[in-house]
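To keep things clear, I will list the structure first and then write my remarks on it.
By convention here, the first residue in the shown sequence is residue 1. We count ligands from 1, going down the list as the structure has it; atoms in each ligand are counted the same way.
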Amino acid sequence: MFDVNRIRKDFPILEEEIYGKPLVYLDNGATTQRPLQVVERMTEYYLRYNSNVHRGVHYLSNKCTDANEQARETVREFINAVSTDEIIFTRGTTESINLVAHSFGEAFIREGDEIIVTEMEHHANIVPWQMLCERKKAVLKVVPFNGKGELNMEEFGKLLNERVKLVGVAYVSNVLGTVNPVKEIIDAAHAFGAYVLVDGAQAIQHIPVDMQALDCDFFAFSGHKVYGPTGVGVLYGKRGLLEQMPPWQGGGEMIKEVRFEKTTYNDLPFKFEAGTPDFIGVIGLGEALEYVKGIGLQDIASYEHDLMNYAMEQIRTVPNIILFGEAAEKSSVISFGIGGIHHFDLGTLLDKMGIAIRTGQLCAEPVMQHYGVTGMARASIAMYNTREEIDVFCEGLRKIEKIFKL
Ligand code: PLP
């Protein structure tokens with residue numbers, strides 16, 4: 001059974017006080033906290049086993065190599081990919097998308113081709129495609145969203161044609177919380193021969209994902225948003241596609257044979273993992289996914305769903321509240337403002353009450369432009385948040401609203 005109080009004990013930071021007030025951490029969309037299990041596993045590897053992977057014949061090197069490859073299998077199972085050859089370790093979602101933009105872009109994008117993204121993407125799923133379009137003289141098209149923060153699927157349908165080579169879409173918007181109909185998008189894109197990259201940065205910690213059922217071509221996520229370490233993430237790609245893509249970075253480990261006349265490249269997934277990876281980060285990510293699996297992502301999802309509904313209900317009672325994003329399918333993120341109060345003031349005053357939220361443009365300037373605002377405040381929940389914390393947060397908002405009204 002899902003027991004939030006037991007889970008909270010695994011996260012010592014949740015016991016901290018900020019300015020003498022118990023910490024209420026509602027900035028999980030930016031980064032989640034790490035449980036003891038992850039930190040202890042990484043510490044154990046740093047203190048007892050540290051040695052470079054895939055290179056040595058000695059005990060320590062083999063120990064780290066085995067743990068690194070075990071983590072790859074854990075990721076494969078977590079997202080139900082067919083093979084560990086399809087799991088490439090990167091520095092995070094941003095690097096995963098850049099890898100695809102460079103390597104897939106090199107092999108598959110020609111002048112006049114089209115790439116589709118949506119108006120609600122994080123900059124990480126916009127800028128690499130813009131850079132690719134500039135390099136290749138390709139064209140970037142954008143699917144707009146409506147007043148509730150839902151994608152205009154009719155417009156998406158109109159944008160699809162034979163020139164479209166790739167569609168990049170967030171599974172969950174980091175500003176609006178919208179859970180996009182990615183399966184529908186993937187099937188529609190495939191019908192036109194286009195490939196699909198799903199940005200899973202805000203989905204992997206909240207929604208069970210299954211690569212084989214989704215049938216997306218690429219899926220990217222970051223370790224630090226799923227209770228794992230920073231500096232490590234994953235690119236999933238279908239094997240047949242990855243095999244047709246050239247390496248992105250050159251160096252150690254990604255080669256088979258190096259000759260000055262001609263170098264040949266390693267097999268998947270190593271072809272895309274040049275240089276010493278953050279193998280202890282990878283081991284920590286594996287531990288984080290095991291931790292989540294142990295609790296059960298389905299149970300986490302239903303607990304968070306209930307908490308989100310409660311949070312939306314409560315925040316609506318705050319006078320002068322403005323909510324951005326009220327999609328029917330919404331997850332984990334509440335972006336808001338209070339009439340007449342700058343988002344920066346909201347964040348600063350909440351901080352003084354021990355409440356951590358995010359403020360600003362949320363790495364999604366096109367969403368800010370859509371609403372004509374300079375920034376927003378954002379509360380984002382994780383599996384260890386509670387109704388009591390939501391109450392403290394909403395009470396804080398009420399106090400701030402009153403202060404500014406005086
Ligand atoms: N995509 C989305 C939807 C995000 O929310 C984020 C981070 O907030 C990213 C991409 C980028 O992730 P990272 O900075 O870990 O590479």
With side chains defined as the heavy atoms from C-beta onward, is the minimum distance between Tyr227 and Met383 less than 4.5 Å? yes
With a cutoff of 4.0 Å, is Asn125 in contact with ligand 1, counting heavy atoms of the residue only? no
Taking only heavy atoms of Ser222, which atoms of ligand 1 are found under 4.0 Å from at least one of them? 12 (O), 13 (P), 15 (O), 16 (O)
Please check this pair: side chain of Gln244 against backbone of Gly240, looking for a donor-acceptor N/O pair closer than 3.5 Å. yes
Could you tell me whether the side chain of Thr84 and the main chain of Glu73 form a donor-acceptor pair under 3.5 Å? no
What protein heavy atom sits nearest atom 5 (O) of ligand 1, and how far away is it? Gln202 NE2, 2.7 Å
How far does CG of Leu26 sit from OG of Ser380, to the nearest 0.5 angstrom? 7.0 Å
Can you tell me if His224 has a non-hydrogen atom under 4.0 Å from ligand 1? yes
For Val196, does its backbone N or O pair with a side-chain atom of Asp217 as donor and acceptor, under 3.5 Å? yes
If you define the side chain from C-beta out and look only at heavy atoms, does anything of Asn68 sit under 4.5 Å from His54? yes
For atom 4 (C) of ligand 1, find the nearest protein heavy atom and state the residue, atom name and distance (0.1 Å precision). His122 CD2, 3.3 Å
Element-labelled atoms of ligand 1 that are located less than 4.0 Å from some non-hydrogen atom of Thr94: 11 (C), 12 (O), 13 (P), 14 (O), 16 (O)
Distance under 6.0 Å and angle within 45° of ring axis: Lys165 vs Phe108: no
What is the nearest protein non-hydrogen atom to atom 3 (C) of ligand 1, stated with its residue, atom name and distance? Asp199 OD2, 3.4 Å
What do you reckon, does Lys225 put a non-hydrogen atom under 4.0 Å from ligand 1? yes
Does only the side chain of Ala170 get under 4.0 Å from ligand 1, or the backbone, or both, or neither? Count heavy atoms. neither
